[in-house]
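Following: one structure in C-alpha cells, then a few remarks.
By convention in this document, chain letters (A, B, ...) are assigned in the order of the sequence lines, proteins followed by strands, and residues within each chain are numbered from 1.
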2 protein chains.
Amino acid sequence: MALRHAVLAALLDEELSGYQVTKAFAAGVANFWHALPQQVYAELARLEKEGLVAGREVIQEGRPNKRLFRVTGEGLAELENFASSAAKPAFLREDLLVQVQAADHLDVDVLIERLTERYAFAEAKAALFEEQLRRMRGGLDEAEFLLRGARVGPYLTCRRGRDFERANRDWCRDVMEVLRSRQAAGEGA
Amino acid sequence: MALRHAVLAALLDEELSGYQVTKAFAAGVANFWHALPQQVYAELARLEKEGLVAGREVIQEGRPNKRLFRVTGEGLAELENFASSAAKPAFLREDLLVQVQAADHLDVDVLIERLTERYAFAEAKAALFEEQLRRMRGGLDEAEFLLRGARVGPYLTCRRGRDFERANRDWCRDVMEVLRSRQAAGEGA
DNA sequence: TCCTCATAGTCAAGAAAGTGACTAGTCAGT
DNA sequence: ACTGACTAGTCACTTTCTTGACTATGAGGA
C-alpha cells in the first residue's frame with residue numbers, strides 16, 4: 001500500500017496530469033519510488049474513487065485532453081495517517097548482488113562485464129539526480145536551501161537517491177578491483 | 001525470477017537445510033536478498049523438481065528430520081546463465097522516503113519519530129553486518145582477506161549491505177538535523 | 001512521405017512477493 | 001504445569017509488480 005502514498009506525495013506540491021505522474025515514477029527518473037504507467041493510472045483511479053484525489057478534465061488543442069489531479073483533504077489525512085505509523089525498512093534487492101554472492105563459482109570476466117554496466121548506470125543516474133538537485137536549489141547554496149528553501153522533502157529524497165547510486169558505483173568499482181587483483185594473483189601462482 | 005538464483009547462490013558454498021536457507025533470507029539477516037520461509041520452501045521445491053538442486057533426507061533424533069540441499073551441475077549452469085545476462089538495477093523503495101517526500105506537508109515531530117526508528121534499525125543492522133564480516137575474515141585483515149581469502153562473494157555482498165545501512169543511518173541523521181533546524185528557524189520568525 | 005518521438009492514456013494476463021494461519025516435536029525457564 | 005522459543009516445514013490467499021500489446025493525435029526530421 002505504499003504506491004498509493006507515493007502518488008499522493010507526488011501530487012502534494014502541484015496539480016499534475018496522470019501522464020506527468022507516470023513520468024515522475026518512470027524508470028531512471030524516480031527519486032523516491034518507482035512504478036510503471038499502468039500502475040500509476042490504476043492507483044490514480046482508485047484514489048479518485050475513494051476521494052483521496054480529485055481530477056478535473058482539461059481540454060487541449062493540438063494534443064490529447066488530460067486530467068489534472070490534486071490531493072483532497074482526505075488524501076492529506078491519509079498521508080498523515082501513513083506517516084504516523086511505522087515505516088517498514090526496505091532491503092537491498094539487486095540481481096547484481098546475487099551474481100556477486102556467487103562470484104567464487106562464476107567466470108570473473110563475465111561478472112566484470114555486469115559490474116561495468118552497473119557502474120555506468122549508477123554514474124549516469126547519480127549525475128541525473130545531481131542535476132535535479134541543482135535545479136531544485138535554484139540560486140541558493142545547499143546549506144541555505146536546506147534551511148530556508150521551499151519543498152525540502154523532494155530535495156532530501158533526491159539526495160538519498162543520488163547517494164544510493166554513488167554507493168552502488170563505488171561498490172562496483174571496489175568489487176571489480178578485488179576480482180581483478182585475485183585474478184592476477186591466481187595467474188601468478 | 002531472482003529468488004531462485006538467490007537460493008542457488010546461497011547453497012553454493014555448503015549443503016544447507018531448507019530451514020537454514022530460510023534463516024539466511026530472514027528479515028534482518030539477509031545480506032543480499034530477502035524472502036520469507038514460505039517463499040524459500042516453495043522455491044526449493046521448484047528447483048528440486050527442475051533438477052537444479054538435489055535434496056537428501058537426514059534423520060535426526062531429538063528434533064524433526066530435515067532435508068539438506070546442494071546445487072547440481074545444472075543448477076550451476078543456470079547461475080552462470082543468469083550472470084551472463086544483464087542484471088536489472090534496483091531502485092530505492094522505502095516507505096520512509098515517501099514520508100520524507102511529503103515532509104513539507106506533514107508534522108515534523110511525527111516524521112522525526114519515524115527517522116529515529118529507522119536510524120536505530122539501520123545502526124543495528126549495520127552492526128550485525130559488521131560482526132558477520134569480522135567472522136568471515138577470521139584472523140586476516142581485510143586487504144589480505146580480499147586478496148587471498150576463500151569466498152569473497154558473500155563478503156562483498158555483506159559489505160554492500162553494511163554500507164547501505166550506514167548510508168540509511170547517515171541520511172536519517174541529516175534529515176532530522178535539517179527538519180529540526182527549519183523548525184527552530186520557523187519558531188524564531 | 002514515412003518514421004520516430006512525445007503526449008495521454010487503457011486492457012489483459014502472468015510472475016513474483018507478501019500475509020496469516022497451522023502442524024509437530026524439543027528444550028529451557030518460571 | 002505452563003509458557004515461550006527453536007527446529008522444520010506446509011497451505012491458502014491476496015496484493016503488488018511486470019510484460020506486452022493497443023488506441024489516438026500532432027510535431028519534427030530524413
Side-chain angles (χ1 to χ4, degrees), chain A residues 1-7 15-30 33-50 53 55-69 86-95 98, chain B residues 1-8 15-30 32-50 53 55-69 82 85-95 98:
Chain A
M1 291 275 241
L3 174 58
R4 82 191 286 96
H5 301 109
V7 169
E15 215 177 20
L16 295 174
S17 69
Y19 188 70
Q20 283 176 299
V21 180
T22 67
K23 289 294 137 187
F25 286 87
V29 197
W33 201 264
H34 168 259
L36 298 166
Q38 297 92 314
Q39 285 173 271
V40 173
Y41 282 116
E43 201 59 58
L44 278 171
R46 266 193 293 275
L47 286 167
E48 192 178 19
K49 208 178 68 188
E50 293 171 39
V53 304
R56 64 184 179 91
E57 186 92 17
V58 173
I59 281 97
Q60 297 189 116
E61 278 175 40
R63 61 189 54 190
N65 296 339
K66 62 182 174 184
R67 308 196 59 222
L68 292 183
F69 295 92
K88 64 184 74 161
F91 337 82
L92 228 37
R93 204 170 237 184
E94 283 246 9
D95 285 358
V98 177
Chain B
M1 290 271 241
L3 174 58
R4 85 190 284 97
H5 300 110
V7 170
L8 286 171
E15 215 177 19
L16 295 174
S17 68
Y19 188 70
Q20 282 176 298
V21 180
T22 67
K23 288 294 136 187
F25 285 86
V29 196
F32 73 107
W33 201 264
H34 169 259
L36 297 167
Q38 298 93 312
Q39 290 172 266
V40 172
Y41 283 115
E43 200 58 57
L44 278 171
R46 266 194 294 275
L47 286 167
E48 192 179 20
K49 209 177 66 189
E50 293 172 39
V53 304
R56 64 185 179 90
E57 186 92 18
V58 173
I59 282 97
Q60 297 189 116
E61 278 174 41
R63 60 189 56 189
N65 296 340
K66 63 182 174 184
R67 308 197 59 222
L68 291 183
F69 295 92
F82 170 64
S85 59
K88 64 184 71 161
F91 337 80
L92 230 37
R93 205 171 237 181
E94 283 243 11
D95 285 357
V98 176

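Closest heavy-atom contact between B:Leu3 and B:Ala35: CD1-CB, 3.8 Å. B:Gln60 and B:Asn65 make their closest contact through N-OD1, 2.8 Å (heavy atoms, listed as atom of the first residue, atom of the second, distance). Across A:Gln20 and A:Leu68, no two heavy atoms sit closer than the pair OE1-CD2, 4.3 Å. For A:Asp95 against B:Ala87, the heavy-atom pair with the smallest separation is CB-CB, 3.5 Å.
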Intermediate values then yes/no, side chain to side chain contact (heavy atoms under 4.5 Å, CB included), A:Trp33 and B:Arg93: CA-CA 5 Å; A:Trp33 201 264; B:Arg93 205 171 237 181; 3.2 Å; yes

Derivation and outcome, side chain to side chain contact (heavy atoms under 4.5 Å, CB included), residues B:Phe69 and B:Val21: CA-CA 9 Å; B:Phe69 295 92; B:Val21 180; 5.8 Å; no

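Between A:Phe91 and B:His34, the two ring planes are parallel [angle under 30°; tilted spans 30° to 60°].
Summary of the strand contacts: A:Lys23 and A:Gln38 both lie near DNA chain C, and taking for each the nucleotide with the nearest heavy atom, the more 5' one is attributed to A:Lys23. Mapped onto DNA chain D by nearest heavy atom, A:Ala35 and B:Gly18 fall at different nucleotides, with B:Gly18 at the one closer to the 5' end.
Between the B:Glu48 side chain and the B:Ala45 main chain, no donor and acceptor come within less than 3.5 Å of each other.
Not a single donor-acceptor pair, N or O on each side, falls under 3.5 Å between the base of D:dG26 and the side chain of A:Gln60.
Residue contacts shown for B:Ser17 are limited to sugar-phosphate atoms, with no base heavy atom under 4.0 Å away.
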Show me the protein contacts with nucleotides 15-17 of chain D, counting only N or O atoms at under 3.5 Å.
residue : atom : partner : partner atom : Å
D:dT16  : OP1  : A:Met1  : N            : 2.7
D:dC17  : OP2  : A:Gln39 : NE2          : 3.3

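Along DNA chain C, the stretch of nucleotides lying under 4.0 Å from any heavy atom of chain B spans, 5' to 3', C:dA16 to C:dT26.
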